[in-house]
Protein chains: 2
Amino acid sequence: MVEKNPNPLARPLAANEQKLADQLRAAGLRPTRQRIAIAALLLDGRHRHVSPEQLTAEIAKTGMHVAGGTVYNTLNQFTDAGLLRRITLHNEHSIFDTNVDHHHHFYDADNDKLTDIASDDVILAHLPKAPDGHEISSVDVVISITAK
Amino acid sequence: MVEKNPNPLARPLAANEQKLADQLRAAGLRPTRQRIAIAALLLDGRHRHVSPEQLTAEIAKTGMHVAGGTVYNTLNQFTDAGLLRRITLHNEHSIFDTNVDHHHHFYDADNDKLTDIASDDVILAHLPKAPDGHEISSVDVVISITAK
DNA sequence: ATACTTGCAAATCGTTTGCAATACC
DNA sequence: GGTATTGCAAACGATTTGCAAGTAT
């Protein structure tokens, strides 16, 4: 038997990885190497829109490998934990937004691209109250645009 | 009991079917039997939300048969023609709304059900202008709710 | 040690498409 | 008759899942 290792992960964590690990734990997720890799790419504070496909490519670029299914599972776990927001387009695929605050998007159907709507472009006057016994969990405004 | 008709093609159109046929023609669509059947279910003026699956079931209930692919194609044609509006949910499937005016929805994720938001619950203060060279083609607001 | 997580491939889901048969005009 | 439309099944892309192997606590 190997003696008890004070280090949680087999490979020692860099300082920034430690921080991500803590963030994951705080979200109720075990800090595994692949989750940390994904967190390093997405949870650095910058706001981005990523498709699972894109993300898989980025991970590959770092030299690490994460299985396709795991990328999906991880994105869903992060979303359930409130670390990401999922947005489904009229085009049958999802993108994940690292900005979990309520904000809205332009969807350019011609190029299948999402853009944030500048936050000062206030569009919601007020939210209607949810029906009895329900509460609002998220609000998505997608404004589809096409080249004219 | 549905009795098999040896010559289904020869069946004349009922008066209400005539009206639907005209509506389809006006939309640039040939009034075929299956399009009329679908129009009869969806374009009667009532506002509903239907999934392709649901619709297929309803058609079957009338004793008529329309192939699955045709249901999808027809819904898309109707949507392109402006007769329906397509709404994609965070759940990887679409529903078609017979109300083509701009209005918004509650999405009850627990039961996978859409509800219209009462039109007097104004939520859009103003629309941001579309980026250069683009114009707004549609606006979808989906407010997700969960039982509390 | 135990429970959770991953990898991988197969499976599933919703939707689209190709092509021969068929209906509409 | 000529063209649009249908039926079906196969094709599809995105996403999920089952299970054995690996890892966290």
Side-chain angles (χ1 to χ4, degrees), chain A residues 1-13 17-18 20-22 24-25 27-39 50-56 59-60 64-81 86-96 112, chain B residues 5 7-13 17-18 20-22 24-25 27-39 50-57 59-60 64-81 86-96 112:
Chain A
M1 291 295 173
V2 183
E3 40 198 279
K4 203 162 182 196
N5 188 338
N7 262 346
L9 291 174
R11 168 187 304 169
L13 292 178
E17 290 179 330
Q18 260 310 340
L20 291 168
D22 291 344
L24 291 173
R25 264 192 217 93
L29 297 169
R30 275 196 190 175
T32 65
R33 212 151 305 113
Q34 25 287 299
R35 281 176 185 165
I36 289 174
I38 291 177
V50 208
S51 68
E53 192 189 15
Q54 249 173 68
L55 182 57
T56 303
I59 296 167
M64 188 172 176
H65 173 78
V66 178
T70 301
V71 171
Y72 276 97
N73 290 336
T74 304
L75 287 170
N76 286 335
Q77 288 152 184
F78 281 23
T79 300
D80 289 345
R86 183 181 194 152
I87 299 162
T88 301
L89 303 176
H90 278 206
N91 211 40
E92 324 316 333
H93 68 245
S94 301
I95 65 99
F96 293 82
D112 190 30
Chain B
N5 187 333
N7 192 355
L9 328 181
R11 176 156 49 91
L13 293 179
E17 290 178 330
Q18 263 310 342
L20 291 168
D22 291 343
L24 291 174
R25 263 191 219 94
L29 297 169
R30 269 198 194 172
T32 64
R33 283 285 150 216
Q34 26 288 298
R35 282 176 183 165
I36 291 174
I38 292 176
V50 208
S51 67
E53 192 190 14
Q54 250 173 69
L55 182 57
T56 303
I59 296 166
M64 187 171 178
H65 172 79
V66 178
T70 300
V71 171
Y72 276 96
N73 291 337
T74 304
L75 286 170
N76 287 335
Q77 288 151 183
F78 281 22
T79 300
D80 290 344
R86 183 180 191 152
I87 299 162
T88 301
L89 302 177
H90 279 205
N91 213 42
E92 325 316 333
H93 68 245
S94 303
I95 65 98
F96 293 82
D112 189 31

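Nothing here was measured: the structure is a model prediction, and the numbers come from that model. Atoms considered below: every heavy atom in the structure, side chains included; atoms not considered: hydrogens, waters and symmetry mates. Here is how names work: the chains are called A, B, and so on, in the same order as the sequence lines, proteins then strands, and each is numbered from 1.
- The CD-P distance, from B/E53 to C/dT16, rounds to 15 Å in whole Å.
- Looking at residues two or more places apart in sequence or on another chain, you find no side chain to side chain contact (heavy atoms under 4.5 Å, CB included) involving B/A60.
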Name the pairs: protein N/O against N/O of nucleotides 4-6 of chain C, kept only if under 3.5 Å.
| residue | atom | partner | partner atom | Å |
| --- | --- | --- | --- | --- |
| C/dC4 | O4' | A/R30 | NH1 | 3.2 |
| C/dC4 | O4' | A/R30 | NH2 | 3.1 |
| C/dT5 | OP1 | A/R35 | NH1 | 2.9 |
| C/dT5 | OP1 | A/R35 | NH2 | 3.3 |
| C/dT6 | OP1 | A/T32 | OG1 | 2.8 |
| C/dT6 | O3' | A/Q34 | OE1 | 3.1 |

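- One can place CD1 of B/I95 at 16 Å from C1' of C/dT15, the figure rounded to the nearest angstrom.
- Per the geometry, CD1 belonging to A/I36 stands 14 Å off C1' belonging to D/dT25, to the nearest Å.
- Counting to the nearest Å, the C1' atom of D/dA14 and the CD1 atom of A/I87 are 17 Å from each other.
- Tested against B/I95 for a side chain to side chain contact (heavy atoms under 4.5 Å, CB included), the candidates B/L89, B/V50, B/L75, B/D112 yield a single pass: B/L89.
- Within the 4.0 Å cut-off from OP1 or OP2 of C/dT15, at least one side-chain nitrogen or oxygen of B/Y72 is found.
- Rounding to whole angstrom units, CD of residue B/Q54 and C1' of C/dT15 are separated by 17 Å.
- Neither OP1 nor OP2 of C/dT15 sits under 4.0 Å from any side-chain N or O of B/N76.
- Where the helix from C/dA1-D/dT25 to C/dC25-D/dG1 starts and where it ends, the local axes point in directions that differ by 30°; five pairs per end, rounded to 10°.
- In this view, A/R86 and A/N76, A/S94, B/E92 satisfy the side-chain hydrogen bond (donor to acceptor under 3.5 Å, both in side chains) rule, not counting sequence neighbours.
- Applying the side chain to side chain contact (heavy atoms under 4.5 Å, CB included) test to A/T70 and every residue at least two apart in sequence or in another chain returns A/Q34, A/V66, A/A67, A/T74.
- Rounded to the nearest 0.5 Å, atoms NE2 (B/H65) and OG1 (B/T56) are 9.0 Å apart.
- For A/L24 against A/P31, the heavy-atom pair with the smallest separation is CD1-CA, 4.0 Å.
- Distance B/D112 CG to C/dC13 P: 14 Å, rounded to the nearest Å.
- Nearest-nucleotide mapping onto DNA chain C: of A/M64 and B/P52, the residue sitting toward the 5' end is A/M64.
- B/D80 is linked by a salt bridge (charged side-chain N to carboxylate O under 4.0 Å, His left out) to nothing, counting only residues two or more places apart in sequence or in another chain.
- With rounding to the nearest 0.5 angstrom, the CD1 atom of A/I38 is 8.0 Å from the OG1 atom of A/T32.
- Rounded to whole angstrom, the span from the CD1 atom of A/I38 across to the C1' atom of C/dG7 amounts to 13 Å.
- In this structure, the CZ atom of B/R25 is 14 Å from the C1' atom of D/dA4, given to the nearest Å.
- Atom-to-atom distance recorded for B/Q77:CD and B/R35:CZ is 4.0 Å, nearest 0.5 angstrom.
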